[in-house]
Amino acid sequence: MQTVVLDGYALNPGDLSWGQLERVTALTVYDRTPPDLILERSREAELLMTTKTPLSAESIDQLAKLRYIGVLATGYDNVDIGAAGKRGIVVTNIPAYGTASVAQFVFALLLELCNKVKLHHDVVSAGEWTRNPDWSFWKAPLTELAGKTMGIVGFGRIGRQVARIADAMDMRVMAADALHTNAPDYTGFRWASIEELLEQSDVVSLHCPLNPQTQGLIDAERLRLMKTGAMLINTSRGALVVDSDLADALNSGHIGGAGLDVLRVEPPPPGNPLFTAKNCLVTPHIAWATQEARARLMRTAIGNVSAFLQGRPQNVVS
């Protein structure tokens, strides 16, 4: 059984092993696959694995031997699921591997916005504390999160983990989600519409999937609903946010800060307005990438392939 991994480097830059997968299938791993090589590298594959390399309907229709697509991530919007279904190709994903890591990263971004740790480290390193006449000084306003409201858009596994951490920090939690089930018992927790959440939250954290209903969810109109000085965190999908609208809201001072681990286009082209927007942190889609989370992802990916080969596929998406 021939298996091809189209873009294995992001998952495994060398600190994990493909060994277990090699024991159950003939394996070829490419670090990266440019669009013009997708078909050439995939043509003999019966099992194909991808993280972000797109598999369009056109590509899928030309891969006559293909029986299985394993997405090495939770989101699978890079695969034309409809085209795979028409061919009877099984598509699987990796749920839940990064819950703890992504939730942790939400607060890494948020705490940097609130406490400006890097800024103050840099000025100390530059000698400002040594030269300062006072025993304490700060270069920007500092913000305490206790008592603030955390609004979470999308209340799945990661959203709920973010809520647990926010509650532990004495923040009030409200959530917007299509399903209002299993409400946590935090004091003051409540469900809200997206509009109510934006109007009342001091911090808004996005954790919803990307689909036609959520693309451009946070645009100029919805940013105007947010409190003056509120902060926005996005570790979900970049296209949930309209980049230029957020940059305008930051530069005007209406939005107090943003922490973004994802952008609409990745890697982003030069000149993205968020790169120079006021009080905006942008990181290169790394919330998922702790060694621990990637090891869980690898184990599940191997389990998905093994289950498929045994005729009982798991983590199937449709």
Side-chain angles (χ1 to χ4, degrees), residues 96-121 136 138-177 180-208 218 222-223 225-237 240-241 246 249-250 254-262 278-283 285-290 292-293:
Y97 74 92
T99 300
S101 291
V102 176
Q104 174 181 306
F105 202 81
V106 167
F107 285 89
L109 292 169
L110 180 55
L111 291 170
E112 175 60 23
L113 288 171
C114 291
N115 294 101
K116 305 293 193 302
V117 173
K118 181 62 165 60
L119 167 66
H120 289 96
H121 165 76
S136 174
W138 48 95
K139 302 292 286 187
L142 308 178
T143 301
E144 182 177 277
L145 289 172
K148 302 289 193 301
T149 296
M150 168 70 84
I152 299 171
V153 182
F155 211 56
R157 292 185 183 94
I158 296 174
R160 288 173 183 269
Q161 181 67 9
V162 169
R164 283 191 282 272
I165 298 171
D167 179 67
M169 298 181 73
D170 290 328
M171 299 183 75
R172 293 184 293 270
V173 177
M174 58 195 310
D177 194 276
H180 292 185
T181 57
N182 300 318
D185 59 359
Y186 312 140
T187 301
F189 172 84
R190 69 184 187 87
W191 300 107
S193 69
I194 181 68
E195 288 77 17
E196 291 173 319
L197 184 147
L198 293 171
E199 289 171 351
Q200 298 176 32
S201 297
D202 300 291
V203 181
V204 174
S205 191
L206 304 180
H207 299 286
C208 47
I218 305 301
R222 286 205 165 103
L223 287 163
L225 295 176
M226 292 177 65
K227 290 182 178 181
T228 299
M231 291 176 278
L232 178 71
I233 308 293
N234 188 11
T235 56
S236 184
R237 290 291 181 267
L240 298 173
V241 177
L246 177 57
L250 287 162
H254 177 65
I255 299 301
L260 310 170
D261 187 49
V262 288
K278 292 180 182 177
N279 210 22
C280 185
L281 304 174
V282 182
T283 52
H285 205 144
I286 57 172
W288 69 284
T290 62
E292 294 87 350

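Quantities reported herein were computed from a predicted structural model and do not represent experimental measurements.
- Contacts of Q161 classified as side-chain hydrogen bond (donor to acceptor under 3.5 Å, both in side chains), with partners at least two apart in sequence or in another chain: R164.
- Every residue was checked against the side-chain hydrogen bond (donor to acceptor under 3.5 Å, both in side chains) condition with E292, not counting sequence neighbours, and none meets it.
- Looking at every heavy atom in both residues, T99 comes nearest to I158 through CA-CG1, 3.9 Å.
- With hydrogens and angles ignored, the 3.5 Å screen pairs no side-chain donor or acceptor of H207 with any backbone N or O of I152.
- Note on residues 101-112: pairs passing side-chain hydrogen bond (donor to acceptor under 3.5 Å, both in side chains), not counting sequence neighbours, are S101-T290.
- Every residue two or more places apart in sequence or in another chain was checked for a side-chain hydrogen bond (donor to acceptor under 3.5 Å, both in side chains) with N234, and none qualifies.
- The line from CD1 of I233 to CE of M150 is 7.0 Å long, rounded to the nearest 0.5 Å.
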### Task
Could you walk me through whether K116 and K139 pass side chain to side chain contact (heavy atoms under 4.5 Å, CB included), step by step?
CA-CA 9 Å; K116 305 293 193 302; K139 302 292 286 187; over 6 Å; no
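- Note that CE of M171 and CG of L110 are 6.0 Å apart. Values are rounded to the nearest 0.5 Å.
- The main-chain N or O of W138 is never found under 3.5 Å from a side-chain atom of H120 such that the two would form a donor-acceptor pair.
- Contact check for L113 versus V203: no side-chain heavy atoms found under the 4.5 Å cut-off.
- Using modelled atom types, one side-chain atom of D261 and one backbone atom of I286 make a donor-acceptor pair closer than 3.5 Å.
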Worksheet item: Going through the distances and angles, do L197 and V153 end up as a side chain to side chain contact (heavy atoms under 4.5 Å, CB included)?
Response: CA-CA 8 Å; L197 184 147; V153 182; 3.8 Å; yes
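- Residues V173 and P184 have side chains not in contact (no heavy-atom distance under 4.5 Å, counting atoms from C-beta outward).
- Atom CE in M174 sits 11.5 Å away from atom CH2 in W191 (nearest 0.5 Å).
- Minimum interatomic distance between N182 and R160 (heavy atoms only, all atoms of both residues): O-NH1, 2.7 Å.
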Problem - Chi angles and distances behind the side chain to side chain contact (heavy atoms under 4.5 Å, CB included) call for L206, V262 - result: CA-CA 11 Å; L206 304 180; V262 288; over 6 Å; no
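- A distance of 8.0 Å separates CG of L225 from NE2 of H254, quoted to the nearest 0.5 Å.
- Contact of the L232 side chain with the L250 side chain is not registered, since no non-hydrogen atoms from C-beta on lie closer than 4.5 Å.
- Applying the side-chain hydrogen bond (donor to acceptor under 3.5 Å, both in side chains) rule to R172 yields the partners T149; only residues at least two apart in sequence or on another chain are considered.
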Open item on the list: Let's go through V162 and V102 carefully: what are the C-alpha distance in whole Å and the side-chain angles of both, what is the deciding distance for side chain to side chain contact (heavy atoms under 4.5 Å, CB included) to 0.1 Å, and is it a yes or a no?
Closed with: CA-CA 9 Å; V162 169; V102 176; over 6 Å; no
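- Within the 4.5 Å cutoff, side-chain heavy atoms of L109 are placed close to those of T235.
- Here the side chain of H121 pairs no donor or acceptor atom with the backbone of V117 at under 3.5 angstrom.
- A pairwise comparison of heavy atoms in A166 and F107 identifies N-CZ, 3.7 Å as the closest pair.
- Note on ring orientation: taking the six-membered ring where Trp is involved, the planes of W288 and Y97 are perpendicular (angle over 60°, cut-offs 30° and 60°).
- Among residue pairs with one or both ends in residues 185-205, those qualifying as salt bridge (charged side-chain N to carboxylate O under 4.0 Å, His left out) are E195-R222, D202-K227; sequence neighbours excluded.
- Annotation for C280 and L260: closest pair SG-CD1, 3.9 Å, computed over non-hydrogen atoms.
- Here the shortest heavy-atom pairing between G151 and S201 reads CA-OG, 3.2 Å.
- Contact record, I255 with A230: CG2-O, 3.3 Å, taken as the closest heavy-atom pair.
- The CG atom of D170 sits 13.0 Å away from the OH atom of Y186 when rounded to the nearest 0.5 Å.
- In this structure, CD1 on I194 lies 7.5 Å from SG on C208, to the nearest 0.5 angstrom.
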